Amino acid sequence: MIIYQGPSEIDGSPVVAIITGLNTKSSNSKTGDMPQVWILRSDMHPVDALRTGADKAICGNCPHRPRVTGADALKKSSRTCYVNVMSFNGIYKAFSAGKYVKANLEELSVALTGKHVRIGAYGDPAAVPVAVWDVLLAHCRSTGYTHQWRTCDPKFASYCMASCDNPIDVTLATSEGYRTFYVQNVESYDIAERTVGAIKMAHCPASKEMGRKTTCSQCMACSGTRSGLHSNITIVLH
C-alpha cells in the first residue's frame, strides 16, 4: 500500500513510500518478520536514480550512496549501502504497474496494532513528512534510522536512530537528543569501539559478528526515543 506520495522533505523531488509485508512474511533473516516501508523516487526507476544522483531525494546526505554517477554507480567500489538493488526493483515495478492502492492511514494504523514495522527498508524516513509517521505508527512499535538528523524535524528522534559513521557523529547526535546507531568501518568486532568518550555502545545482537543471536523484530532496540530505551547501538559495516 502507498502511505505517502508527494514531495521529498529532503529536496522536494517526487517520492513515494510503500509498505509491504502486510499479508506475507518477510524473508529478511536479520530483521525477521516485519512489515517494511520502502521510500523511492516516484518518477524514475531506482537504478536510474542511483546512476544520476537523483537518489538524494530519498537518501539525502547518506555517505553510503554512490560516490560516482554513471555506469559505475552500482559497483561495490562506489556504493557501500547494504541494500541490494534487486530488492527494490520489484517494488518499483509493482508501483509503476499500479498494483499498490493508497492507504487510509488511520485505518492502516489500527490494522498495525501490536505489530513491529521497519520504516526504511530502503530510503530515509526523513524524506517523508513526520506527520505521516505520527499517524501510521500510533498503535505499533517500529525501527528506523536517519542520516538526516542534523537537518530534519527534531521529532524524528522519537522514531529513528541517528545513523552515525564516526565518533563525532555519535557525540553530536547524542547532544541533539537522539539515540545513535554507529556503523563502524572495521574488519571485525574485535577491533570495534565499545565506547565513544563517555557514551557506551551496545553491539547489535542481530549482527553477523554477534552470531545473529536474535532478529530486529524480536529485539526492537533501534526504535528511537519513544521506546524509553537509552542505549546507543553499534554494528560493523555490512
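Since we're looking at a predicted model, the values are computed, not measured. We use all heavy atoms of the structure for the numbers below, so side chains are in, but hydrogens, waters and symmetry mates are not.
- Of the possible polar contacts, none joining the T69 side chain to the G53 backbone as a donor-acceptor pair under 3.5 Å is found.
- In this structure, W133 contributes its side chain and P125 its backbone to a donor-acceptor pair below 3.5 Å.
- At a cut-off of 3.5 Å, with distance as the only test, no side-chain donor of R118 or S217 sits close to an acceptor on the other residue.
- Using bins of under 30°, 30° to 60° and over 60° for the plane-to-plane angle, the ring pair Y122/F88 lands in the parallel bin.
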For residues 134-141, dump all side-chain donor-acceptor pairs below 3.5 Å to protein atoms at least two apart in sequence or in another chain.
| residue | atom | partner | partner atom | Å |
| --- | --- | --- | --- | --- |
| D134 | OD1 | Y159 | OH | 2.6 |

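- Side-chain polar atoms of R194 and Y189 form a donor-acceptor pair below 3.5 angstrom.
- Between T20 and Q36, the side chains place no donor N or O within less than 3.5 Å of an acceptor N or O (distance only, hydrogens not considered).
- A salt bridge is absent between D153 and K155: the closest approach of a Lys/Arg side-chain nitrogen to an acidic carboxylate oxygen does not fall below 4.0 angstrom.
- Just one of D55, V85, D72 meets the side chain to side chain contact (heavy atoms under 4.5 Å, CB included) condition when paired with R79; it is V85.
- Under the 3.5 Å distance criterion, the side-chain polar atoms of N232 are matched with a main-chain donor or acceptor of T180.
- Under the 4.5 Å side-chain heavy-atom criterion for ILVMFWY residues, no single connected hydrophobic cluster contains both I199 and I168.
- More than 12 heavy atoms of other residues, nucleotides or ligands lie within 6.0 Å of CD1 in I191, so this atom counts as buried by the packing criterion.
- Counting only distance, with no hydrogens or angles, the side chain of D48 and the backbone of M44 share no donor-acceptor pair below 3.5 Å.
- H147 pairs in a side chain to side chain donor-acceptor pair (under 3.5 Å) with only one of the listed residues (N61, D169, D165), which is D165.
- With hydrogens and angles disregarded, no donor-acceptor distance shorter than 3.5 Å links the side chain of S78 to the backbone of K75.
- Side-chain polar atoms of T225 and R179 form no donor-acceptor pair below 3.5 angstrom.
- A donor atom on one side chain and an acceptor atom on the other are not found under 3.5 Å apart for Q218 and H116.
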